[in-house]
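Presented below is the structure to which this report refers.
Computed from heavy atoms alone, side chains included, the values below leave out hydrogens, waters and symmetry copies. Both counts, for ligands and for their atoms, begin at 1 and track the order of listing.
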Amino acid sequence: MSERGLFIVVEGIDGCGKSTQAMMLASWIFSEFKGVDSVTLTHEPTNSKFGKNIYARLQNKSSDESQTAKERMLELYVLDREQHVDTLIAPILAKKGLVICDRYKYSTIAYQSAQGVPMQHTIDENVGFPVPDVTLVFNINPETCVARMEKAGKNLDKFEKIAFLEKVKEQYLRLPTLLPNEKIQIINANQSIEQIHADVAKAVKPLLDAFVK
Ligand code: ADP
């Protein structure tokens, strides 16, 4: 068994298939790796008081677009993450457990910088959090995601949403270069659910082999 446990993060723009793949990954781990007896599947923002504040602000259509409001949002994501790490992620990793997290600091870096907060500032605000053993960034055409969200009945301004997700996607794609010491892998998410899962399984298998050894 490894020193710390295993920490896997899934990332990408809204509707890219993160939660679908996180669930498939958890069940694949149980079926393939008999030595693993628990997997914690978690997500951000959490349901902490900070997370609830974030969800409320995201739902507010007449939201404040000022730089102060953007900075406050960044601060809330970091506070929510601090609590998530302290109360759930770090204790599980310390007990050599396995955590799969749907969105983490990379979401804050990509989204908040796409909204105009300097990218280096978003990176600096997230220093000190546990670095995942691997982060899988699902790279997908934003039009596909927006079509999925519309199909699911979500009310959105289509063109505004596509343009914004395009910016977020670009920021995500910069992460492997900006954070060369963190293992960030881009996965082609413009594929079937099964093909993406096969790519995910291939990406994490060496880590799991080492983890259960
Ligand atoms: P996210 O967690 O990234 O927001 P979800 O996993 O909830 O995305 O997927 C959004 C929607 O797209 C769901 O209805 C899901 O069933 C569907 N979906 C996910 N992956 C694919 C795929 N590869 N092809 C087609 N539909 C998909």
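One N or O on the side chain of His43 and one on the backbone of Pro45 form a donor-acceptor pair closer than 3.5 Å. Side-chain N or O atoms of Asn60 include none that pairs as donor or acceptor with a backbone N or O of Ala56 at under 3.5 Å. The main-chain N or O of Arg103 is never found under 3.5 Å from a side-chain atom of Ser107 such that the two would form a donor-acceptor pair. With Asp80 contributing its side chain and Thr46 its backbone, the two residues share a donor-acceptor pair below 3.5 Å. Side chain of Asn53 to main chain of Leu76: no donor-acceptor pair is present (N/O by atom type, distance under 3.5 Å, no hydrogens or angles).
Below 3.5 Å of separation, one finds no N or O of Gln21 facing any N or O of ligand 1.
Each of the following atoms of ligand 1 lies closer than 4.0 Å to a heavy atom of Thr20: 5 (P), 6 (O), 9 (O), 15 (C), 19 (C). For ligand 1, the atoms closer than 4.0 angstrom to any heavy atom of Ile196 are 23 (N). Residue Ser192 has at least one heavy-atom neighbour below 4.0 Å for each of these atoms of ligand 1: 23 (N).
From the protein, the heavy atom lying nearest to atom 25 (C) of ligand 1 is Arg148 NH2, 3.4 Å. Ranking the protein heavy atoms by distance from atom 20 (N) of ligand 1 puts Ile193 CG1, 3.6 Å first. In terms of protein heavy atoms, atom 4 (O) of ligand 1 is closest to Gly15 N, 2.9 Å. For atom 7 (O) of ligand 1, the nearest non-hydrogen atom of the protein is Ser19 OG, 3.1 Å. Considering only non-hydrogen protein atoms, atom 8 (O) of ligand 1 sits nearest to Gly17 N, 3.1 Å.
The proximity of Gln191 to ligand 1, defined as any non-hydrogen pair under 4.0 Å, is limited to the backbone.
Taking a distance limit of 4.0 Å, we find that atom 13 (C) of ligand 1 is approached by no protein heavy atom.
Residues Phe7 and Tyr104 bring their aromatic ring centres within 6.0 Å.
Cluster membership check: Leu41 does not share its hydrophobic cluster with Ile193, using side-chain heavy-atom separations under 4.5 Å among Ile, Leu, Val, Met, Phe, Trp and Tyr.
By the 4.0 Å heavy-atom criterion, Ala152 is excluded from the residues contacting ligand 1.
No more than 12 heavy atoms of other residues, nucleotides or ligands lie within 6.0 Å of NZ in Lys167, so this atom counts as exposed by the packing criterion.
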